[in-house]
Protein chains: 2
Amino acid sequence: MDSARLDATFAALADPTRRAILARLALGEASVNELAEPFRMRQPAISKHLKVLERAGLITQGHAGQRRPRRLAPEPLVHASQYLEGYRQFWEASFANLDALLQTLK
Amino acid sequence: MDSARLDATFAALADPTRRAILARLALGEASVNELAEPFRMRQPAISKHLKVLERAGLITQGHAGQRRPRRLAPEPLVHASQYLEGYRQFWEASFANLDALLQTLK
DNA sequence: CTCGTGAATAGTCAAATGGTTATCTATCTG
DNA sequence: CAGATAGATAACCATTTGACTATTCACGAG
């Protein structure tokens, strides 16, 4: 529905670093340094990725002392999933046609 | 699984023009000019978008005379959908928690 | 063969991305 | 108060993106 929202969500998902961050956050909230640790990348680069994720609404940030732990937010994932579900009819039909074709060739 | 594949798929989906093209192609194959018609945009711009979609494997091109009709390809949509499904557990738990919270507040 | 049309390609350009280093801000701790 | 540490922000740079115009390529029709 809201096109700009989907733009931001899919753009955020189109990067392996950011997907890895989301995967990590699915296990529970984490600080910036914890999120940065697996990557050969400086902290400001991670902060930039986090800003992209935040602008897409995929994460929210808390504020506990000098830490700002991030946590995963579900809504954009749901919207993106629903968008793709709109094509389910299409791809099931495609595979059904392929099946039919293979049957006739047999 | 294949990260570069998901990169290309999500990047391709992160643009409203390209999503509109996919929506059009879900109704059946179409030529470049037919795809370009709804947009205030020149034909080469559309060709570039089509190249992005093709690199992502979201469309294939036929070759009928001087037309190269595009058609929608299902696989990347399936993969993207499966990727998001991996978070379903997470978001259902999130919403369940929210429900529970609302219950206790009531 | 020549012309018209569908589409691709080349070249240009401005803006956005994704990284860097250096610095600043805020909080915890001795 | 004086560090040390978590993280943000600024400034910079190279690459990519998304549009444009102009041109070229490929095919079909007269």
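The basis for the numbers below is simple: all heavy atoms, side chains too, and nothing from hydrogens, waters or symmetry mates.
Distance A/L50 CG to D/dG7 P: 10 Å, rounded to the nearest Å. Atom CZ of A/F10 and atom P of D/dT17 are 18 Å apart (whole Å). Taking atom CD of residue A/E54 and atom C1' of nucleotide D/dA8, one finds them 12 Å apart after rounding to whole Å. To the nearest angstrom, P of D/dT17 lies 15 Å from CG of B/L13. A/K51 places its NZ atom 10 Å from the C1' atom of D/dA10, with the value rounded to the nearest Å. To the nearest angstrom, P of D/dA8 lies 13 Å from CZ of A/R67. Summarising the geometry, the separation between CD on B/Q61 and P on D/dA26 is reported as 14 Å, rounded to the nearest angstrom.
Non-hydrogen atoms lying under 4.0 Å from DNA chain D are contributed by A/S31, A/V32, A/N33, all within residues 23-37 of chain A.
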- request: Starting from the C-alpha separation in whole Å, work towards a yes-or-no answer on side-chain hydrogen bond (donor to acceptor under 3.5 Å, both in side chains) for B/R88 and A/S81.
  value: CA-CA 9 Å; B/R88 176 176 289 279; A/S81 184; 4.7 Å; no
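Sorted by first then second residue, the side chain to side chain donor-acceptor pair (under 3.5 Å) pairs that include residues 54-63 of chain A, not counting sequence neighbours, are A/E54-A/Q61.
Between A/S47 and D/dG7 there is no side-chain N or O to OP1 or OP2 distance below 4.0 Å.
Minimum interatomic distance between B/A14 and B/R19 (heavy atoms only, all atoms of both residues): C-NH1, 3.8 Å. The nearest pair of heavy atoms linking A/L25 to A/R70 is CD2-O, 3.3 Å. Across A/P69 and A/A64, no two heavy atoms sit closer than the pair CD-N, 4.1 Å. Here the closest heavy-atom approach between residue B/P76 and residue B/A56 is recorded as CG-O, 3.3 Å. Minimum heavy-atom separation, A/R24 to A/L35: CG-CD2, 3.5 Å.
In B/R5, the CZ atom is not crowded: 12 or fewer heavy atoms of neighbouring residues, nucleotides or ligands sit closer than 6.0 Å.
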message: Across nucleotides 17-30 of chain C, 5' to 3', mark each nucleotide with B, S or - according to how protein heavy atoms within less than 4.0 Å reach it.
response: -BBBBB----SS--
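Classified by interplanar angle (parallel below 30°, tilted 30° to 60°, perpendicular above 60°), the ring pair B/F10/A/F10 is parallel.
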